[in-house]
Structures are given as structure tokens and as C-alpha cells.
Student: 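Handing you a structure now.
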2 protein chains.
Amino acid sequence: MYDLVQPRNRIPANTESVDDYLKAILELGGPEEARVTSNALAQHLGVRAASVTGMLQKLALQKPSYVKYEKHHGVRLAPAGKMRALEILRHHRLLERYLHDFLDYSWDEVHDDAERLEHFISERLEDRIAAKLGYPETDPHGHLIPERNGALPPRQEVLLSKWACGVPAVVSSVSDRDSSALREMERLGLRPGVGIKVEAGTRGATVLVRIGSGVEPVRLSERLAAGISVLAGPAPAR
Amino acid sequence: MYDLVQPRNRIPANTESVDDYLKAILELGGPEEARVTSNALAQHLGVRAASVTGMLQKLALQKPSYVKYEKHHGVRLAPAGKMRALEILRHHRLLERYLHDFLDYSWDEVHDDAERLEHFISERLEDRIAAKLGYPETDPHGHLIPERNGALPPRQEVLLSKWACGVPAVVSSVSDRDSSALREMERLGLRPGVGIKVEAGTRGATVLVRIGSGVEPVRLSERLAAGISVLAGPAPAR
DNA sequence: GATCAAATTTAGCCATGCCTAAATATTATG
DNA sequence: CATAATATTTAGGCATGGCTAAATTTGATC
Ligand SMILES: [Mn+2]
Ligand SMILES: [Mn+2]
Ligand SMILES: [Mn+2]
Ligand SMILES: [Mn+2]
């Protein structure tokens with residue numbers, strides 16, 4: 001009985017679960033790559049904390065370790081894990097842009113399909129998609145697409161809720177996780193690149209903003225505002 | 001503790017494995033939907049026969065039974081299983097056509113990527129792809145694409161090795177599983193739609209054929225010939 | 001119809017990843 | 001600093017889908 005080929009276990013490649021954990025650690029750790037707690041991961045992944053612990057222990061073992069894990073103190077990505085997470089993130093954002101630009105998906109439809117397919121596209125498909133798109137820099141929500149080598153230029157984005165009144169800003173990106181929020185933003189003309197100014201008039205966590213060349217300021221619900229990030233920018237055109 | 005959402009088990013949908021078994025039964029059963037043996041499945045799927053038995057027993061139980069399974073006598077698809085198998089086959093062939101026509105894949109490159117993605121595309125993506133392609137009838141290898149409702153027109157294809165000498169035929173489809181064979185066929189101008197005539201001169205299982213308007217007959221290896229199916233057709237143009 | 005080889009199934013394991021319940025560690029508070 | 005609340009880990013299971021080795025069944029042959 002010779003060394004049987006096992007098409008299924010063919011390469012000790014990553015499972016969908018492993019990829020999802022790595023990507024979640026990348027996202028939750030933020031640009032500072034802070035430690036991420038088991039609870040945060042559990043919530044983000046829709047899984048119980050006990051399951052997270054189990055997975056983190058496995059990821060920490062691996063031949064080239066994927067994460068640095070200290071019991072009771074959260075995880076960070078190790079270099080190999082960060083590489084892989086960025087690769088998946090690149091898949092996700094390229095797919096979103098492709099579905100949007102070439103297959104008539106609206107920006108609130110792209111996320112779910114990209115979320116699944118990101119785990120299964122080959123290097124070849126990744127490259128062909130990137131080529132067709134002309135090597136784009138951002139996805140339909142304004143998120144930067146990591147380069148093939150994992151490079152991801154940092155950006156000084158700030159949540160809209162943290163932006164000062166009266167200072168002109170430009171929408172840099174919006175969260176892609178809530179499609180009804182995306183449809184609402186679409187309706188309001190709130191998309192990446194649009195100028196925006198926060199007006200005085202905070203009520204709770206809602207924000208009063210003037211969008212683009214809009215005459216009337218609009219009050220954004222907390223949910224909506226929470227999904228918007230901005231950069232310093234010119235005042236809305238008059 | 002309320003009814004927790006489990007994003008992973010979200011729908012008791014099919015696993016990749018289940019889909020692969022159903023598709024394999026469809027393919028191995030042929031147009032007559034003959035019973036398929038455990039061994040044949042094991043070989044086709046790259047899995048041990050014991051594993052096949054286990055899976056068949058599970059598929060036979062299922063709420064809407066996927067297969068009719070008689071111990072020691074092979075399986076056939078039950079209606080629900082046939083539906084699902086055709087759905088996956090549709091995905092596969094649409095993907096092959098799309099990768100070929102829109103993403104610059106050569107016909108020997110499409111199979112592997114389609115084989116993986118077929119399990120993960122949404123109804124929405126399936127529809128958008130079909131629309132972009134203009135609702136095509138065949139994939140790049142000449143295989144018919146099942147319709148959305150599972151309809152798959154029968155076709156009187158015959159293996160080239162079974163075709164009579166001298167009777168003009170047209171290549172209807174070629175196997176997509178062996179990419180080096182596909183490159184060879186490409187080189188010879190052997191593609192669906194091309195006229196072909198078998199010449200006298202059988203040697204072993206090789207076949208001597210005149211392709212299209214070719215002057216010199218070509219001898220096809222057994223491996224190559226085994227992947228070609230033909231229909232009755234006009235003589236090659238002179 | 002007995003016998004034997006090949007095909008198939010059963011039995012018993014293993015790895016993944018998830019879950020609940022029960023420890024245990026950390027952190028915040030008085 | 002002791003204690004309580006919170007976070008995290010451990011322990012013990014379950015389902016899926018593989019595998020090997022050991023039955024068992026089938027079907028062909030004499
Ligand atoms: Mn995912
Ligand atoms: Mn996005
Ligand atoms: Mn497959
Ligand atoms: Mn094909």
C-alpha cells in the first residue's frame with residue numbers, strides 16, 4: 001500500500017475556519033495590531049469563547065506559528081498569520097470590487113458573496129480579477145486593497161463620531177457589514193470621496209452632517225454614523 | 001440562553017463532500033442513470049470504498065432522500081439528489097464558460113477552479129454569470145449546461161473509439177479532466193464542432209483520424225481518443 | 001452446488017471545529 | 001488586601017468525513 005494520494009487533505013492548506021480567525025484578529029487588532037481577546041473574537045465570529053480558546057491554541061502551535069498567544073491575555077498575529085490574513089483580505093476586497101464593477105452587484109450585495117468566495121479563489125483567479133480591474137486600490141466601500149505581497153498603506157481614517165464640528169472632511173470608507181445601512185447611505189449620497197461637514201447639534205450619539213453640496217444638514221442615526229470613517233478634506237463644494 | 005445563531009451551521013445545507021458524491025453518481029451513472037458501485041465512486045472521488053459506504057448510508061437516510069441505496073448493489077440518485085447534482089453541474093459548467101470567456105482562462109485551465117467554486121457560488125452569482133454570458137448552452141469543452149430548473153436535453157454522443165470508420169462525425173465534447181490532453185487537442189485543432197473522420201488503421205486502442213480539412217490523418221493515443229465524444233455530422237470541409 | 005476471489009460493509013480510530021458546563025484566572029472594588 | 005464580577009480556559013461531547021483492518025456478501029468457476 002503505497003503513499004496514497006488524498007485529494008481531500010491534499011495540501012495541509014488552511015481551512016475556512018482558520019482563515020476566518022486570522023482575518024478577524026487582523027481586523028479587531030486594528031492598525032496598532034493590539035492584542036485581541038477571546039471574547040471579541042467569539043462575538044465577531046459568532047462562536048462561543050470556549051471554541052475560540054481551542055482554535056487559538058492550535059494556531060499558536062502550527063509549524064510556522066500563526067499567532068502569538070498568551071493564555072488569558074489575548075492574541076496577536078505572528079508574521080505568517082498576518083501574511084495569510086492580508087491575503088484573505090485582499091481576496092475579499094478584490095472580489096467585492098469585481099462583483100460590483102463586472103457583475104452588476106450593488107454595494108450592499110457584494111459583502112456576503114465575497115465573504116464566502118475569499119477562501120476558495122486560486123492565485124490564478126486572484127490575478128486575473130486584479131488584471132481585469134486594472135489593479136484597483138480600493139473596494140466599493142473605500143477600503144484599501146492589500147497588495148499581493150501583503151503591503152497595506154496605512155491611512156489616518158477616523159470614525160465620523162470622533163470628528164470635530166465644522167472641520168471639513170471626506171468620507172474615506174464605510175462599513176460593509178450592514179446592507180440596510182448601506183442602502184440608506186446610498187440614498188443620502190454618502191459614499192467614499194464625498195465631502196462632509198459635521199454641524200453643531202449633537203443629540204445622543206446621532207450626528208448632524210452636511211453632505212457634499214447638500215443644502216439641508218441631515219441627522220444620521222448612531223448605527224449609520226458608526227459605520228462611516230473620514231479623512232481631512234476640503235469643504236463640500238457649494 | 002436563547003436560541004443562539006450559529007453562522008456556521010446556518011442552513012442545514014449541503015457540504016462540499018455531499019455535493020461531490022451526488023455529482024459523481026450523476027456522472028458515473030450516465031444518461032441511463034445506471035446503478036453506480038461503491039468502488040467506482042471511491043476511485044472517482046479519490047477516497048476509500050469504506051468511506052463511500054458510510055456516506056451512501058447517510059445520503060440514503062436524509063429527510064428527502066438523496067439516493068436509493070441497496071446494500072451491495074450500488075446507488076442511484078433519488079429525485080432530490082438528482083436535482084442537487086444537476087445544480088452543481090450547472091455551476092461547474094457556467095463557471096468554466098465564464099472563466100474562459102471573461103477571465104482569459106485557456107480551456108485546460110478552467111476545470112480545477114470551477115471544481116472548487118461550484119460549491120460556493122450563490123444563486124445570485126449563478127444568475128449574474130449566466131446573464132453576462134447570454135445564457136450559454138455549452139461549456140468550453142462542449143458539455144451541455146443544465147438549465148436552472150435542472151433540465152438537461154439528452155444528446156446522442158458516442159465515444160470516438162466506438163465510432164465507425166469512414167462515417168463523418170463532429171466532435172461534440174471532450175473530457176475536461178486531463179489538462180495536458182486538452183493542450184494536445186488544442187494543438188491538433190480538435191475542438192467541439194470540428195468535423196472528423198475515422199480512417200482505417202486501428203492499432204491497439206489508438207485511432208487514426210482526419211481532422212477538419214486536414215490533409216494528413218493523425219494518430220490519436222488511447223488516452224486522447226478516450227476523452228473525445230462525437231455525433232453524426234457532415235464530412236470535414238475539403 | 002461448493003469454493004474462491006473480488007467487492008462491499010462493519011468496526012474502531014482520528015482530526016476538525018463546534019457546543020455546554022464546570023473550573024480557574026484576572027481585574028475591579030470596597 | 002479580600003472579594004466579587006468577568007473573562008477565559010478546561011473537560012467532556014457531538015457531527016462530519018476521512019482511514020485501516022477485519023468481517024461478510026456476491027458472483028463467477030469448476
Ligand atoms: Mn469568510
Ligand atoms: Mn468592503
Ligand atoms: Mn468539487
Ligand atoms: Mn467541462
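A note on names: the letters A, B, ... follow the listed sequences, proteins ahead of strands, and every chain is numbered from 1. This is a predicted model, so every value here is computed, not measured.
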Student: Looking only at the side chain of A:Ala50 (C-beta and beyond, no hydrogens), which of the listed nucleotides C:dG17, C:dT20, D:dT16 gets closest?
Tutor: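 Given the options C:dG17, C:dT20, D:dT16, the side chain of A:Ala50 is closest to C:dT20.
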Student: Please confirm whether the shortest side-chain N or O distance from B:Tyr21 to OP1 or OP2 of D:dG18 is below 4.0 Å.
Tutor: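 For D:dG18, OP1/OP2 do have a side-chain N/O of B:Tyr21 under 4.0 Å.
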Student: Which residues in residues 76-86 of chain A have a heavy atom closer than 4.0 Å to any atom of DNA chain D?
Tutor: none
Student: Between atom NE2 in A:His72 and atom P in D:dA7, what is the gap in whole Å?
Tutor: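 Atom-to-atom, A:His72 to D:dA7, this comes out as 14 Å.
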Student: Return the nearest nucleotide to the side chain of A:Asn39; candidates are C:dT27, D:dT8, C:dT20.
Tutor: D:dT8
Student: Between A:His119 (NE2) and C:dT16 (C1'), how many Å, whole number?
Tutor: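 One finds 16 Å between C1' of C:dT16 and NE2 of A:His119, rounded.
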Student: Can B:Thr37 and B:Asn39 be counted as having a side-chain donor-acceptor contact under 3.5 angstrom?
Tutor: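 Short answer, no.
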Student: Looking only at side-chain N and O atoms, does B:Thr37 come under 4.0 Å of OP1 or OP2 in C:dA7?
Tutor: no
Student: In whole angstrom, give the distance that lies between atom CG of B:Leu56 and atom P of D:dG18.
Tutor: 11 Å
Student: Please tell me if B:Tyr69 has a side-chain N or O lying less than 4.0 Å from either OP1 or OP2 of C:dT9.
Tutor: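 Checking B:Tyr69 against C:dT9: at least one side-chain N or O falls below 4.0 Å of OP1 or OP2.
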Student: I want to confirm an ordering. Mapping A:Met55 and B:Ala49 to their closest nucleotides on DNA chain C, which one lands closer to the 5' end?
Tutor: B:Ala49
Student: Can you tell me the distance, in whole Å, between the CG atom of A:Leu59 and the C1' atom of C:dT16?
Tutor: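 Nearest whole value for this atom pair: 12 Å.
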Student: What nucleotide, of D:dT9, C:dC18, D:dT10, holds the atom closest to the side chain of A:Gln57?
Tutor: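 For the A:Gln57 side chain, the nearest candidate turns out to be D:dT10.
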Student: Could you state the atom-to-atom distance from CG of A:Leu41 to P of D:dT9 in whole Å?
Tutor: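 In whole Å, D:dT9 P lies 10 Å from A:Leu41 CG.
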Student: If I take atom CG in residue B:Leu61 and atom C1' in nucleotide D:dA15, what distance separates them, rounded to the nearest angstrom?
Tutor: 14 Å
Student: Apply the side-chain hydrogen bond (donor to acceptor under 3.5 Å, both in side chains) test between A:His91 and each candidate in A:Glu96, A:Glu118, A:Glu126; give the one that qualifies.
Tutor: A:Glu126
Student: Please examine the side chains of A:Leu133 and A:Leu94, heavy atoms only from C-beta on, and report whether any two atoms are closer than 4.5 Å.
Tutor: yes
Student: Is there a salt bridge (charged side-chain N to carboxylate O under 4.0 Å, His left out) between A:Asp101 and A:Lys132 once you walk through the steps?
Tutor: CA-CA 10 Å; A:Asp101 291 6; A:Lys132 283 291 170 200; over 6 Å; no
Student: Tell me what A:Ser38 touches on the nucleic acid: a base, only sugar-phosphate, or nothing, going by heavy atoms under 4.0 Å.
Tutor: sugar-phosphate
Student: Establish, from distance only, whether the side-chain atoms of A:His119 and A:Asp20 form a donor-acceptor pair under 3.5 Å.
Tutor: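 Yes, because at least one side-chain N or O of A:His119 sits under 3.5 Å from a partner of the opposite role on A:Asp20.
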Student: Looking at the side chain of A:His73, which of C:dC19, C:dG17, C:dT26 is the nearest nucleotide?
Tutor: C:dT26
Student: Should the pair B:Arg177-B:Glu115 be classified as a salt bridge under the 4.0 Å nitrogen-to-oxygen rule?
Tutor: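 No, no charged N to carboxylate O under 4.0 Å.
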Student: Backbone N or O of B:Ser229 within a donor-acceptor pair of the B:Ser172 side chain at under 3.5 Å?
Tutor: yes
Student: At under 4.0 Å, does any side-chain N or O of B:Ser17 touch on OP1 or OP2 of D:dT16?
Tutor: no
Student: Which whole-number value in Å describes the distance from A:Lys71 NZ to C:dT24 P?
Tutor: 12 Å
Student: When the distance from CG of B:Leu45 to P of D:dG17 is rounded to whole Å, what number comes out?
Tutor: 12 Å
Student: Please determine if a side-chain N or O atom of A:Thr53 lies less than 4.0 Å away from the OP1 or OP2 oxygen of D:dT10.
Tutor: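 No, outside the criterion.
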Student: Say whether, by atom type as modelled, one donor and one acceptor occur between the side chain of A:Arg93 and the main chain of A:Pro146 under 3.5 angstrom.
Tutor: no
Student: Is any side-chain nitrogen or oxygen of B:Arg48 closer than 4.0 Å to OP1 or OP2 of D:dG18?
Tutor: no
